[in-house]
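Worksheet: one structure, shown below.
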Amino acid sequence: QEWQNPFATWDPRDFCNISEIVLPMDTYWSPPIFILERVNGQNPELNYMVLMHNGSFNSTRPFQVTLTCSLVILKFPFDTQTCNLSIASFLYPAVTDFVMKTRRTPAEIMKDSQSFLLTDGEWKFTNLSIIEYTEVMNDKEYSVVTYMISIERRPTLYILNLILPTCALYLLDMAVLFGPSSLEEKINFQIAIILGSSMLAVILNNILPTSSNKPPIIGTY
């Protein structure tokens with residue numbers, strides 16, 4: 001965070017050429033912000049800010065939070081999800097008191113985000129965009145900055161453990177159905193196929209999230 005306070009300035013030549021100092025966050029006013037999609041998390045312990053001689057404040061505070069995100073799993077496991085991280089302050093109206101602006105471009109933020117994101121996880125970070133707008137609440141407008149984060153699922157594990165075994169079962173089912181075996185052997189094998197398909201359906205049910213309105217295509221078929 002960076003903001004300007006014209007009442008907190010001094011001439012470094014009058015104070016042994018000191019051009020910046022580190023102060024606790026409660027020494028001066030600081031922007032009170034909230035993450036709208038936040039469920040829970042840990043507040044930062046680094047409650048300090050840097051004050052420059054020209055009245056410029058700079059505060060870097062790491063947050064670790066859990067956010068809510070609406071999932072669309074129709075194309076699971078080849079799906080791409082977009083989650084929002086909205087930062088707002090509903091204490092000061094945007095028109096007269098408090099306006100938030102992003103300091104860097106989406107490309108710069110995306111480059112930094114890729115360096116922090118784990119590359120060997122289930123999700124692949126693909127894109128980031130920023131929207132700055134005002135939200136009306138109780139007949140007042142408030143400044144909101146929303147980061148739209150796009151992530152893509154890595155489907156390799158699901159292909160090996162779910163899709164390929166399912167295809168193999170049904171190919172084997174067709175081969176036995178049209179094969180020269182006796183009717184009794186076909187019935188016994190069909191029962192084994194049904195049991196195997198049921199186990200795969202249970203595995204699929206445990207994997208899929210339940211927060212989507214539409215079931216995935218793979219689950220339907």
Fill in the blank from the handout: Sorted by chain and number, sequence neighbours left out, side-chain contact (heavy atoms from CB on, under 4.5 Å) with Gln4 holds for Asn54, Ser56
Practice task
Could you tell me whether the side chain of Trp10 and the main chain of Ile18 form a donor-acceptor pair under 3.5 Å?
Solution key: yes
Problem - pair Ser113-Leu128: side-chain heavy atoms closer than 4.5 Å - result: yes
Practice task
Give, for atom OG of Ser143 and atom CD1 of Ile33, the distance between the pair rounded to the nearest 0.5 Å.
Solution key: 11.0 Å
Problem - salt bridge (Lys or Arg N to Asp or Glu O under 4.0 Å) contacts in which one or both residues fall within residues 93-116, not counting sequence neighbours - result: Glu2-Arg103, Lys101-Glu132, Arg104-Asp112
Problem - Common cluster, Leu157/Ile151, ILVMFWY with side-chain heavy-atom separation under 4.5 Å - result: no
Problem - Gap between atom CG of Leu51 and atom OG1 of Thr27 - 0.5 Å precision - result: 9.5 Å
Handout entry: Donor-acceptor contact present, side-chain Ser89 to main-chain Pro32, <3.5 Å
Key = yes
Fill in the blank from the handout: For Leu71 and Gln81 the tightest heavy-atom approach is CA-OE1, 3.4 Å
Practice task
Please confirm whether the backbone N or O of Val39 pairs with a side-chain atom of Thr66, one donor and one acceptor, at under 3.5 Å?
Solution key: no
Problem - Side-chain donor/acceptor of Thr126 to backbone N/O of Ser150, under 3.5 Å - result: yes
Fill in the blank from the handout: Interatomic distance, OG1@Thr166 vs CD1@Ile159, rounded to 0.5 Å, equals 12.0 Å
Handout entry: 4.5 Å side-chain heavy-atom contact, Asn58 and Met52
Key = no
Handout entry: Passing candidate, side-chain contact (heavy atoms from CB on, under 4.5 Å) with Glu37, options Ile87, Asn84, Val65
Key = Asn84
Practice task
Check the hydrophobic clustering (I, L, V, M, F, W, Y; side-chain heavy atoms under 4.5 Å; chains of links allowed) and say if Phe125 and Ile109 are grouped together.
Solution key: yes
Practice task
Please list, chain by chain and in numerical order, all residues satisfying ring pair (Phe, Tyr, Trp, His ring centres under 6.0 Å) with Tyr147, sequence neighbours excluded.
Solution key: none
Handout entry: Rounded distance [0.5 Å steps], CE in Met110 versus CD1 in Ile130
Key = 11.5 Å
Practice task
Find out if a path of hydrophobic residues (ILVMFWY) with successive side-chain heavy-atom gaps under 4.5 Å connects Leu91 to Val144.
Solution key: no
Handout entry: ring pair (Phe, Tyr, Trp, His ring centres under 6.0 Å) contacts in which one or both residues fall within residues 43-64, not counting sequence neighbours
Key = Trp3-Phe57, Tyr28-Phe57
Handout entry: Cys167: partners by disulfide bond (SG atoms under 2.5 Å apart), with sequence neighbours left out
Key = none
Practice task
Measure across Leu67 and Leu85 and return the closest heavy-atom pair with its distance rounded to 0.1 Å.
Solution key: CD1-CD1, 3.6 Å
Problem - Residue pairs involving residues 154-173 (criterion ring pair (Phe, Tyr, Trp, His ring centres under 6.0 Å); sequence neighbours excluded) - result: Phe76-Tyr158
Practice task
Looking only at non-hydrogen atoms, find the nearest pair between Phe15 and Asp11 and report the distance.
Solution key: CD1-O, 3.5 Å
Practice task
Answer yes or no: are there more than 12 heavy-atom neighbours, outside Asn138 itself, under 6.0 Å from its atom CG?
Solution key: no
Handout entry: Met199 with Ile194, same ILVMFWY side-chain cluster at under 4.5 Å
Key = no
Fill in the blank from the handout: For Glu152 and Thr80 the tightest heavy-atom approach is CG-OG1, 3.8 Å
Handout entry: Any Val72 side-chain heavy atom under 4.5 Å of Asp79 side chain
Key = no
Exercise for the section: Quickly, which of Tyr133, Tyr92, Phe90 forms a side-chain contact (heavy atoms from CB on, under 4.5 Å) with Tyr142? Name it, please. Expected result: Phe90
Handout entry: Where Pro155 and Pro77 come nearest, the two heavy atoms and their spacing
Key = CB-O, 3.4 Å
Handout entry: Atom of Ser59, atom of Met25 and distance for their closest heavy-atom approach
Key = OG-SD, 3.6 Å
Handout entry: Distance in Å, Gln1 CD paired with Thr60 OG1, rounded so as to fall on 0.5 Å steps
Key = 9.0 Å
Problem - Transitive ILVMFWY side-chain link Leu164 to Phe78, under 4.5 Å - result: yes
